[in-house]
Novice: 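Sending over a structure as structure tokens; questions will come in a sec.
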Number of protein chains: 2
Amino acid sequence: MADTKTPRPGRTAARPAAQAPARNEARAAARTAAADPTPALDRIQALPSWLLNRASARGRRLVAEALARDGMRMPHHAVLSAVADLEPVAQAELGRTTGFDPKDMVGILNDLQGRDLVSRAPDPNDRRKNAITLTPEGRKRLTRLAKLGDEANEALLSALSPAERELFLALLQRVVEGEGDVVPGS
Amino acid sequence: MADTKTPRPGRTAARPAAQAPARNEARAAARTAAADPTPALDRIQALPSWLLNRASARGRRLVAEALARDGMRMPHHAVLSAVADLEPVAQAELGRTTGFDPKDMVGILNDLQGRDLVSRAPDPNDRRKNAITLTPEGRKRLTRLAKLGDEANEALLSALSPAERELFLALLQRVVEGEGDVVPGS
DNA sequence: AGTCATTCATTGGAGCTCCCAACGAATTTG
DNA sequence: CAAATTCGTTGGGAGCTCCAATGAATGACT
């Protein structure tokens, strides 16, 4: 890859020119010449995947900023919530329910345990497992985090009315589940 | 962080036990005791930011798989599209219109130039800039990529009817633009 | 004119998410 | 009892996003 590029070869000027004819004129000319009614850039930026990426990035940023005010990140909040529901729970099951990689789960729980928000004790019934439990501080912290997360999500959808939000979430849910192809039917 | 965790301390067994009382019973007990009608995990996984992340990840995966059949990745497609519209165009402007970091733009264009899909020549009018241009091969390749991308996006929204897709995209667009708070008015 | 701020392409580095592979310990299956 | 599986952990890598700094070149201002 290092030999394929042209790393600013000396900048010796003296070029054939006749290559940059006023930009906009070239663009319009190309459009009429190639009969390209919809510019490729506009098309790509209207693609569902593109819009979803941008919306997701905005949501992640908003949530990250909100949780950062409490010194936490999104995975901390998610795992803390899962522990609250499933405790005592093994790390592998936490990974399955939240979707985090076991490798990353180790780091997340290291953080949470380091702040005394969860306790990680060997499970007496299955000594391979760790029994993850919420500490009282963890429970209080989770309440705060849930509030911050809700506020961020409120801001994320602030452009939509309540009815529109409900509709949007319903559609979004079906997109997430995907598996479409066959008509929903029921 | 290395001293905060408990790295499986020997597994010497002999534990206080009385800590893992059959799992499900503990869960039900906690729910009645804490009067928690909505499990925290369910709540967090119904959050707009969570759903958007999952939908975005699904879209990214579908698009990546589709473009990979042509040996390309998403940024390649996006930049190639932008070049098609704006050529000849400088890297910095490409970065502004597509949203890619200037650093990443270097690598993307290195790839594209290495495959002779774009040409990168010094701009005679402004010797700081590179004039990025589409090669004939690049134009053909873009047609293929656009098709692959469209198919992937079709699959992404396959769970929605045409009317629902239109509605979903309209709502999604407004979420992306955000800046809500004030009513759109027009 | 010459100084100064800005822009451009590039390099370096970091963080996050996801995936794959391996390991020792422990458990389950046959 | 042997074999396969699970569990937590460590290691590495690929992609995407972001920030800081550099030298070259340009533009603006006095």
Novice: Nearest-Å distance, CE (A/M105) to P (C/dC18)?
Specialist: 11 Å
Novice: Between B/R165 and B/E154, does any NZ, NE, NH1 or NH2 come within less than 4.0 Å of an OD or OE carboxylate oxygen?
Specialist: yes
Novice: Where is the tightest heavy-atom contact between B/I44 and A/A78, given as atom of each residue plus distance?
Specialist: CD1-CA, 3.5 Å
Novice: 5'-most contact on DNA chain D: A/L109 or A/N53, nearest heavy atom basis?
Specialist: A/L109
Novice: For A/D116, what residues pass the salt bridge (Lys or Arg N to Asp or Glu O under 4.0 Å) criterion, not counting sequence neighbours?
Specialist: none
Novice: Would you mind telling me which of C/dT27, C/dT7, D/dT17 lies closest to the side-chain atoms of B/F100?
Specialist: D/dT17
Novice: Quick one: A/M72 CE to C/dG15 C1', roughly how many Å, whole number?
Specialist: 17 Å
Novice: Assess the residue pair A/R120 and A/Q91 against the criterion (side chain to side chain donor-acceptor pair (under 3.5 Å)); give the C-alpha distance rounded to whole Å, side-chain angles, the decisive distance to 0.1 Å, and a yes or no.
Specialist: CA-CA 9 Å; A/R120 179 155 49 174; A/Q91 299 186 198; 3.0 Å; yes
Novice: What pair of heavy atoms forms the shortest contact from B/V176 to A/L51, and how long is it?
Specialist: CG2-O, 3.4 Å
Novice: Please state how far atom NZ in A/K129 lies from atom P in C/dT27, giving the value in whole angstrom units.
Specialist: 10 Å
Novice: Atom CE of B/M74 and atom C1' of C/dT17: how far apart are they, to the nearest Å?
Specialist: 14 Å
Novice: Which pairs, protein N/O on one side and nucleotides 1-6 of chain C N/O on the other, fall under 3.5 Å?
Specialist:
none

Novice: So, OP1 or OP2 of C/dC16: does either fall under 4.0 Å of a side-chain N or O from A/R60?
Specialist: no
Novice: Can you measure B/L94 atom CG to C/dC8 atom P for me and round it to whole angstrom units?
Specialist: 11 Å
Novice: Where the side chain of A/Q91 is defined as all heavy atoms beyond and including C-beta, which of C/dT27, C/dC16, D/dG8 is the nearest nucleotide?
Specialist: D/dG8
Novice: Which listed nucleotide (C/dT10, C/dT17, C/dA9) is nearest to the side chain of B/A90?
Specialist: C/dA9
Novice: List for me each residue that meets ring pair (Phe, Tyr, Trp, His ring centres under 6.0 Å) alongside A/F100, sequence neighbours excluded, and say none if there are none.
Specialist: none
Novice: Is it the case that atom CD in B/E166 sees more than 12 heavy atoms from other parts of the structure closer than 6.0 Å?
Specialist: no
Novice: Round to the nearest Å and state the distance from B/L67 atom CG to D/dG15 atom P.
Specialist: 13 Å
Novice: From C-beta outward on A/R96, which listed nucleotide comes closest to its side chain: D/dT10, C/dA9, D/dC7?
Specialist: D/dC7
Novice: I'd like a list of close polar pairs between nucleotides 18-21 of chain D and the protein, N/O only, cut-off under 3.5 Å.
Specialist:
from: D/dC19; atom 1: N4; to: B/D101; atom 2: OD1; distance (Å): 3.4

Novice: Starting from C1' on C/dT10, measure out to CG on B/N110 and report it in whole angstrom.
Specialist: 10 Å
Novice: Restricting to pairs with a member in residues 100-109 of chain B, which pass salt bridge (charged side-chain N to carboxylate O under 4.0 Å, His left out), not counting sequence neighbours?
Specialist: none
Novice: In whole Å, what is the span from the CZ atom of A/R127 to the C1' atom of C/dT28?
Specialist: 15 Å
Novice: List for me each residue that meets salt bridge (Lys or Arg N to Asp or Glu O under 4.0 Å) alongside B/R61, sequence neighbours excluded, and say none if there are none.
Specialist: B/E65
